[in-house]
Amino acid sequence: MTDRRILVTAALPYANGQIHIGHLVEYIQTDIWVRFQKLRGNRAAFFCADDTHGTAISIRARAERRSEEEVIAEMSEAHQRDFAAFGIEFDNYGSTNSSENRELCGEIWKAIRDAGLVKEKDIEQLFDPEAGLFLADRFVRGTCPNADCNAPNQPGDNCSKCGRTYSPAELVDPKSTLSGAVPEVRTARHLFIELRQLHSFLDEWSQSGKHLQPEVANNLRGQFLGDPDSEEGAKELRDWDISRPAPYFGFEIPDSPGNYWYVWFDAPIGYMASTKQWCDRMGENFDDWWKSDDTEIHHFIGKDITYFHTLFWPGMLKTAGFSLPEKVHIHGFLRVDGEKMSKSQGTFIMASTYLNHLEPDYLRYFYASKLGPGLGDIDLNLEEFVNRVNSHLVGNIVNLASRSAKFVSGGTLSEEYPDDGGLFAAAVARADQIAEFYEQCDFASATLEILQLADEANRFINDRAPWKLKKEPDKAEEVRQICSIVLNLFRQIAVFLQPVLPRLAEQAGELLNAPISNWDDAKTPLTGTPVTEFKHMMQRITKAQVDTMVDESVVDEPAEEGAADNESPWSDGPEALEAELMTEECTIDDFVKVDLRVARVIEAKDVPEANKLLNLTLSLGGGETRNVFAGIKAAYKPEDLVGRLVVCVANLKPRQMKFGLSEGMVCAAGPGKADVFLLDIDDGAVPGQRVH
RNA sequence: GGGGCCAUAGCUCAAUCGGUUAGAGCAGCGAACUCAUAAUUCGUUGGUUGCAGGUUCGAGUCCUGCUGGCCCUACCA
């Protein structure tokens with residue numbers, strides 16, 4: 001047992017979207033690490049918050065015709081609900097839009113000012129006069145300035161057709177994607193932090209080998225810092241633009257009215273603000289956690305936000321006199337079946353969608369079994385997910401209790417721990433190694449090691465075959481001994497897996513009437529305690545459940561929008577297009593592969609066991625029908641659908657779902673849930689006609 | 001364009017400093033068993049380590065080039 005004080009953070013989720021299974025890699029990883037530290041007896045505290053500031057929130061709020069505060073409040077609630085459901089236990093969950101954060105930002109800002117790191121420069125930026133906002137590059141579109149290309153409707157930074165890069169001001173006929181207005185170039189004064197003054201400190205901190213994974217240190221050296229010992233020498237760090245002119249949703253800079261801190265300035269300070277809230281609530285001293293050499297600070301982040309956390313953030317902390325991170329743990333991204341998560345393929349799975357179908361512990365275990373100390377991407381292979389959960393968790397580990405408990409249920413474990421041939425002691429001897437794997441975030445090795453213990457225990461019970469001995473009345477005591485051993489081995493495994501599967505550890509505690517609260521609970525066998533009646537601890541899962549989840553996650557591609565028309569009286573925002581980016585160009589040949597047909601809904605039934613599905617029977621005329629399961633339950637009543645015309649994919653490969661065979665797909669737009677909008681067709685169309 | 005990382009069995013991943021016959025899990029195949037949630041146990045098939053060179057007594061590992069993938073960054077490198 002050790003006695004460290006450890007402050008842990010996970011990256012702050014942005015208040016502009018729901019939590020999905022990609023986010024969960026990080027929160028589950030961090031939660032496992034924190035639970036491990038707590039189980040070891042360390043003083044660990046886990047802080048997070050919603051990241052709430054920036055232009056994207058304002059745009060969303062405007063589109064939804066409500067205040068930014070309403071948007072972020074609702075999102076915070078949704079985030080916390082998802083996290084709680086997945087067993088992610090924060091000691092405090094705050095918001096960057098809090099009074100604590102504003103104060104800390106001011107304190108750190110003052111220190112940076114006093115250190116002479118701030119300078120001012122004029123910046124030219126495109127401004128949307130209609131929306132009244134400065135525009136980031138991605139909110140501007142226009143014709144490519146390359147005379148040989150002239151591709152229309154290109155984004156503000158580079159042309160997707162010819163690859164040419166340019167500034168948004170160079171675009172021919174630029175238009176704001178927010179309002180369609182022609183943006184004007186405006187000059188505004190921005191504040192910059194001269195990071196170059198911290199170069200030698202950042203060299204030392206990042207290259208020490210203590211705080212960062214080696215790949216990360218290499219990347220920083222190659223890309224930003226350079227190598228003073230090489231021929232090219234050190235590179236100059238560029239000034240960091242940390243202000244945005246009004247209007248901006250964020251904190252106004254106290255000594256620079258009309259300017260606001262850029263979201264990436266106040267976001268990491270949110271770690272501290274969240275700590276502060278917790279300290280105030282718990283009677284803790286904030287400086288003990290952020291200004292003490294006795295506290296280790298560990299950040300868990302994804303590889304995309306590396307440089308904010310490994311250059312700017314240590315620089316800010318150093319300048320303001322706070323503790324530096326002991327370690328920044330960086331992980332890769334989630335891929336599903338080897339590919340990026342995709343909305344159209346249904347692999348962009350929201351946490352809430354997952355919860356409609358599967359237990360959170362399956363995902364916790366699966367991620368744990370895949371996560372190593374490196375920052376490579378991890379792959380959620382859906383078939384492997386099913387196999388691994390069933391074979392490791394249910395067939396192997398839980399099965400130990402399942403096959404032994406009932407022989408002693410209602411009785412007690414042996415008064416003395418029987419001779420097990422050294423199995424229990426051998427597992428104790430491996431405890432330090434397993435702990436070291438957890439400590440190094442090598443959960444894949446930890447779970448593999450633990451699984452081997454379960455293999456050995458299964459082998460033991462096979463050899464001793466208590467089910468045979470049970471038939472001989474004079475062997476009752478031996479049966480009890482065998483089961484006492486197996487249940488103790490099971491409990492030992494439950495202790496080792498507690499950080500990953502806290503619920504299983506609880507169940508093991510209930511089964512044997514001895515709660516698990518410390519790593520060292522694995523080191524002494526239980527004797528004489530009563531054994532409760534065995535109840536199933538986890539259910540096997542089927543590929544059909546996973547497929548249904550994927551089907552429900554499919555978001556049909558929205559119809560392509562024409563280029564924003566300057567004269568358009570509409571002010572359609574960019575949210576829909578941004579929520580689901582345009583896929584790559586396809587040919588007419590690709591398009592004709594999809595056989596879209598007009599169909600009439602001739603029957604529509606609720607699927608009571610399904611959360612989102614309706615069962616439709618579509619007629620293509622002439623007796624040709626299709627049985628289709630459509631995820632539109634929240635948006636349509638079955639009785640309202642009967643008789644109407646829809647557009648369906650008539651040649652879609654039939655798919656076996658949990659509730660039956662689905663032989664097609666009904667076309668609809670929208671993000672899902674109640675916001676699903678079926679395609680309609682003008683009067684005159686008849687079922688069976690093809691859509692071209 | 002620049003920087004960094006990666007490519008190993010059907011799938012997902014290991015392999016210490018360059019060191020013996022490249023190992024696991026899952027899937028597959030064969031058998032045993034029947035207490036257990038179609039669980040378990042034993043046995044077994046499967047590799048030109050992306051391609052082409054090089055260094056070395058010895059290369060999955062080091063070097064060069066190529067191909068493919070990912071992240072970051074960009075008329076600043």
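Chain A is the first sequence line, chain B the second, and so forth, proteins listed ahead of strands; every chain is numbered from 1. Values in this document were obtained by computation on a predicted structure and should not be read as measured data.
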Distance flag, aromatic centroids of A:His331 and A:Phe300, threshold under 6.0 Å =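 Not under 6.0 Å, so no.
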Across the strands shown, which category fits A:Arg221 at heavy-atom distances under 4.0 angstrom: base, sugar-phosphate, nothing?
->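 Touches nothing.
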Distance below 4.0 Å between A:Arg238 side-chain N/O and B:C76 OP1 or OP2 |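 The answer is no; no side-chain N or O of A:Arg238 sits under 4.0 Å from OP1 or OP2.
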Do any side-chain nitrogens or oxygens of A:Asn387 fall under 4.0 Å of OP1 or OP2 in B:C11?
->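 For B:C11, neither OP1 nor OP2 has a side-chain N or O of A:Asn387 closer than 4.0 Å.
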Within a radius of less than 6.0 Å around [atom1] of [X], do more than 12 heavy atoms belonging to other residues, nucleotides or ligands occur?
X	atom1	result
A:Glu477	CD	yes
A:Lys535	NZ	no
A:Lys327	NZ	yes

For atom [atom1], what is the distance between [N] and [M], given to the nearest Å?
N	M	atom1	result
B:G28	B:G46	C1'	9 Å
B:U8	B:A14	P	10 Å
B:C70	B:C75	C1'	25 Å
B:G43	B:C17	P	32 Å
B:C71	B:C29	C1'	41 Å
B:A59	B:U41	C1'	39 Å
B:A74	B:G4	C1'	15 Å
B:G18	B:U61	P	11 Å

Can you identify which nucleotide, out of [options], has its nearest atom closest to the [X] side chain?
X	options	value
A:Glu215	B:C5, B:A74, B:U41	B:C5
A:Asp379	B:C5, B:C71, B:C13	B:C13
A:Asn381	B:A77, B:C71, B:C11	B:C11
A:Asp377	B:C70, B:U41, B:G3	B:C70
A:Lys303	B:G2, B:C42, B:C70	B:C70
A:Phe224	B:C76, B:C71, B:C72	B:C72

Distance, rounded to the nearest Å, where [X] contributes [atom1] and [N] contributes [atom2]:
X	N	atom1	atom2	result
A:Leu371	B:A14	CG	P	11 Å
A:Asn219	B:G2	CG	P	16 Å
A:Asp239	B:U73	CG	P	17 Å
A:Ile397	B:C26	CD1	P	11 Å
A:Gln440	B:U16	CD	C1'	14 Å
A:Gln433	B:U16	CD	C1'	12 Å
A:Leu393	B:C26	CG	C1'	13 Å
A:Glu339	B:C71	CD	P	13 Å

Of A:Arg335 and A:Ala454, whose closest RNA chain B nucleotide lies nearer the 5' terminus?
->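 Closest to the 5' end, via its nearest nucleotide, is A:Ala454.
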Residue mapping more 5' on RNA chain B - nearest nucleotide basis, A:Ala444 or A:Leu451 =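 Residue closer to the 5' terminus by nearest nucleotide: A:Ala444.
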How does RNA chain B look in dot-bracket form if you count Watson-Crick and G-U pairs under 3.5 Å, write [ ] for pairs that cross, and put | where a base pairs with another strand?
-> (((((((..((((.....[...)))).(((((.......))))).....(((((..]....))))))))))))....
Might you work through the salt bridge (Lys or Arg N to Asp or Glu O under 4.0 Å) test for A:Arg335 and A:Asp379, ending with a clear yes or no?
-> CA-CA 5 Å; A:Arg335 316 191 117 239; A:Asp379 190 41; over 6 Å; no
Check the pair A:Phe312 / A:Trp240 against ring pair (Phe, Tyr, Trp, His ring centres under 6.0 Å), numbers first and verdict last.
-> CA-CA 8 Å; A:Phe312 301 139; A:Trp240 182 33; 3.8 Å; yes
Classify the angle between the aromatic ring planes of [X] and [Y] as parallel (below 30°), tilted (30 to 60°) or perpendicular (above 60°).
X	Y	result
A:His536	A:Phe534	perpendicular
A:Trp313	A:Tyr271	perpendicular
A:Trp33	A:His329	tilted
A:Phe443	A:Tyr438	tilted
A:Phe366	A:Phe385	perpendicular

Take nucleotides 30-39 of chain B nucleotide by nucleotide from the 5' end and write B, S or -, depending on whether a protein heavy atom sits under 4.0 Å from the base, only from the sugar-phosphate, or from neither.
-> ----SBBB-S
